[in-house]
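To start, the structure itself, in structure tokens.
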Amino acid sequence: MVLRIEDTDADRSKPELIAAIHDSLTWLGIDWDEEYRQSDRFDLYRGAADGFLSQGLAYRCDCSRNDVIARAEATGAAEAGYDGHCRDRQVEPGEGVVVRFRTPDEGSTRWNDLVRGPVEFDNSVLEDFIIVRSNGVPMFHVANAVDDLDMKISHVVRGEDLVNTTPRVLLLMAALGATSQPVYAHLPLIVNEKRQKLSKRRDDVAVGHYRDEGFLPTALRNYLLTLGWGPKDGQEIRPIEDFIKVFELSDINKAPAFFDLKKLEHFNREYVTALPVDQFIQLSAPFAGEVDSELYARLAEPVQSRVKTLTDIPALLDWVVGDPPEPSEKDWKKVMGKETVPAVLDAVIDRLVSCEWTPAALESAVFGVGEELGTKTQLPVRMAVSGSRSGLPLFEPMAELDRAVVLNRLRAARAKL
RNA sequence: GCCCCCAUCGUUCAGUGGCCUAGGACACUGCCCUUUCACGGCAGGAACACGGGUUCGAAUCCCGUUGGGGGUGCCA
């Protein structure tokens, strides 16, 4: 496994961007044996380009972008490629001069793509593309051709959006005298709800985003695997080792797949609940907020089984750690609007003033009132104490609070009725 | 414009000529469980884009239509 930072474009080699790549890969459990940075290897690429130049496989061109477009429009086509204007003009090096590769006019360039099957491009549709910019920096095509050969890259697995540039690299590799080429696999794109390629601006594409949103790397990676591919037996959540045994690049679909956050969340919940508690505590602690670590450990189990993403945790604990949230009027009315509630709260308050302060004692006090009055009592108490009609099992966290705090909340709720 | 590609439930994957009255998962709906919620269990609605072929037989093969996507940079 080679990690190659393809930073032939100057602003791609910013340290923080590279660090993000390292972090994301590592977080996902992907490691590498060798690492290269193309910006360290410019000389190699320039050497290759010079070789092409001296062999007549490439030539200098001083046409501006506008010249190229203007000529293309003149020939009728709304937008076509470069027309080969400078092929035999013997342009000398200088300001605004680039080097272009002379693509063959005939024949075709082909490869056997692992996911797309045989792919063939007529060389006639390939324009003479730029291999060295006017500032002397080689383009990524040359860099890739040189590096793939030099690093003996066996497999190139990438997005379908790169299919069209593959013939260029193949032509370059052939010009470099390559006797074999890497195996290519062009994966279907992942699309958004509008069925468009995920974009950095509009969509959440950064791995780090999902980490910050409380997803487990195992869940993300497992979910991603089910996009464009699936195990024959339909068992889509399982250890990576199992997938490695049956996965084949050649089984991958060609159709683009929608990134379904709902399903990712489902996967994540499965992975979170499967965690041993101590591991859950360790992984989730950074998301838990300002909670005493021993208190958190005591409540971790019920928290774990109620969480889709780790970012759900603070909301589950808010009323234990601090004041309960203000319930919505709708929820309040629904629970506290029943005519039995005042009596329930009065009786519960009465019992809690003196009962033992343990989960079991609290439960029997609250339920005892229920039996006495012939009604359910948990919901009003829960609403009064936690500010919500859903959440953690009531009595364990409740016993963690001071008696005075609980009584205050109950009395406040009673007064608000 | 030109080049490349795609097309099974809302989403995703399975299905590679008969086993399909098309299956699983997510989502959704209902019921059960439960003195909260979630989990779990059960049930339900929901798809082979369209038109031609080929074949005894087509979701599966071929052609076309329609719809969609990607590329077309001195970005990668």
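All chains are named by letter (A, B, ...) in the order of the sequence lines, taking the proteins before the strands, and each is independently numbered beginning at 1.
A:Phe395 pairs by the ring-ring contact (aromatic ring centres under 6.0 Å, His included) definition with A:Phe367, not counting sequence neighbours. With sequence neighbours excluded, the residues satisfying side-chain contact (heavy atoms from CB on, under 4.5 Å) with A:Arg46 are A:Phe42, A:Asp43, A:Pro138. In this view, A:Lys197 and A:Asp161, A:Leu189 satisfy the side-chain contact (heavy atoms from CB on, under 4.5 Å) rule, not counting sequence neighbours.
Between the P atoms of B:U66 and B:A47, the separation comes to 26 Å (whole Å). Nucleotides B:U65 and B:G1, compared at atom P, are 14 Å apart to the nearest Å.
Here ring pair (Phe, Tyr, Trp, His ring centres under 6.0 Å) pairs that include residues 218-242 of chain A, with residues two or more places apart or in two chains, are A:Tyr223-A:Phe259, A:Tyr223-A:Phe267, A:Trp229-A:Phe243, A:Trp229-A:Phe247. Each side chain to side chain donor-acceptor pair (under 3.5 Å) pair with one or both residues in residues 238-249 of chain A, not counting sequence neighbours, appears once here: A:Asp233-A:Arg238.
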Please write out the pairs of protein N or O atoms and N or O atoms of nucleotides 14-16 of chain B separated by less than 3.5 Å, giving the distance to one decimal.
from: B:A14; atom 1: OP2; to: A:Asn253; atom 2: OD1; distance (Å): 3.1
from: B:A14; atom 1: OP2; to: A:Asn253; atom 2: ND2; distance (Å): 3.3
from: B:G15; atom 1: OP1; to: A:Lys232; atom 2: NZ; distance (Å): 2.8

Tabulate protein N/O versus nucleotide N/O from nucleotides 64-68 of chain B, keeping only pairs under 3.5 Å, one per line.
none

Under-3.5 Å N/O pairs linking protein and nucleotides 59-62 of chain B:
none

Restricting both atoms to N or O, compile the protein contacts to nucleotides 35-38 of chain B shorter than 3.5 Å, with distance only.
from: B:U35; atom 1: O2'; to: A:Gln378; atom 2: NE2; distance (Å): 2.5
from: B:U35; atom 1: O2; to: A:Thr377; atom 2: N; distance (Å): 2.8
from: B:U35; atom 1: O4; to: A:Phe367; atom 2: O; distance (Å): 2.9
from: B:U36; atom 1: O2'; to: A:Arg389; atom 2: O; distance (Å): 2.1
from: B:U36; atom 1: N1; to: A:Arg382; atom 2: NH2; distance (Å): 3.3
from: B:U36; atom 1: O2; to: A:Arg382; atom 2: NE; distance (Å): 3.3
from: B:U36; atom 1: O2; to: A:Arg382; atom 2: NH1; distance (Å): 3.1
from: B:U36; atom 1: O2; to: A:Arg382; atom 2: NH2; distance (Å): 3.1
from: B:U36; atom 1: O2; to: A:Gly391; atom 2: N; distance (Å): 3.0
from: B:U36; atom 1: O2; to: A:Gly391; atom 2: O; distance (Å): 3.0
from: B:U36; atom 1: N3; to: A:Arg382; atom 2: NH2; distance (Å): 3.1
from: B:U36; atom 1: N3; to: A:Gly391; atom 2: O; distance (Å): 2.9
from: B:C37; atom 1: O2; to: A:Arg306; atom 2: NH1; distance (Å): 2.9
from: B:C37; atom 1: O2; to: A:Gly391; atom 2: O; distance (Å): 3.2
from: B:C37; atom 1: N3; to: A:Arg306; atom 2: NH1; distance (Å): 2.4

Pairs under 3.5 angstrom, nitrogen or oxygen only, protein versus nucleotides 74-76 of chain B, please.
from: B:C74; atom 1: O2; to: A:Ser134; atom 2: N; distance (Å): 2.9
from: B:C74; atom 1: O2; to: A:Ser134; atom 2: OG; distance (Å): 2.8
from: B:C74; atom 1: N3; to: A:Ser134; atom 2: OG; distance (Å): 2.9
from: B:C75; atom 1: OP2; to: A:Arg133; atom 2: NE; distance (Å): 2.3
from: B:C75; atom 1: OP2; to: A:Arg133; atom 2: NH2; distance (Å): 2.5
from: B:C75; atom 1: O3'; to: A:Arg133; atom 2: NH2; distance (Å): 3.2
from: B:C75; atom 1: O2'; to: A:Asp9; atom 2: OD2; distance (Å): 3.0
from: B:C75; atom 1: O2'; to: A:Arg12; atom 2: NE; distance (Å): 3.0
from: B:C75; atom 1: O2'; to: A:Arg12; atom 2: NH2; distance (Å): 2.6
from: B:C75; atom 1: O2; to: A:Arg12; atom 2: NH2; distance (Å): 3.1
from: B:A76; atom 1: OP1; to: A:Thr8; atom 2: OG1; distance (Å): 2.4
from: B:A76; atom 1: OP1; to: A:Asp9; atom 2: N; distance (Å): 3.4
from: B:A76; atom 1: OP1; to: A:Arg133; atom 2: NH2; distance (Å): 2.9
from: B:A76; atom 1: O3'; to: A:Glu6; atom 2: O; distance (Å): 3.4
from: B:A76; atom 1: O3'; to: A:Glu6; atom 2: OE1; distance (Å): 3.3

Enumerate, atom names and distances included, each donor-acceptor pair closer than 3.5 Å involving a side-chain atom of residues 321-331 of chain A, sequence neighbours excluded.
from: A:Glu326; atom 1: OE2; to: A:Lys416; atom 2: NZ; distance (Å): 3.4
from: A:Ser328; atom 1: OG; to: A:Asp331; atom 2: N; distance (Å): 3.1
from: A:Asp331; atom 1: OD1; to: A:Arg389; atom 2: NE; distance (Å): 3.2

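A donor-acceptor contact under 3.5 Å is not formed by the side chain of A:Lys263 with the base of B:A27.
Less than 6.0 angstrom separates the ring centroid of A:Phe52 from the ring centroid of A:Phe101.
Near RNA chain B, defined here as any heavy-atom distance below 4.0 Å, there are no residues from residues 313-338 of chain A.
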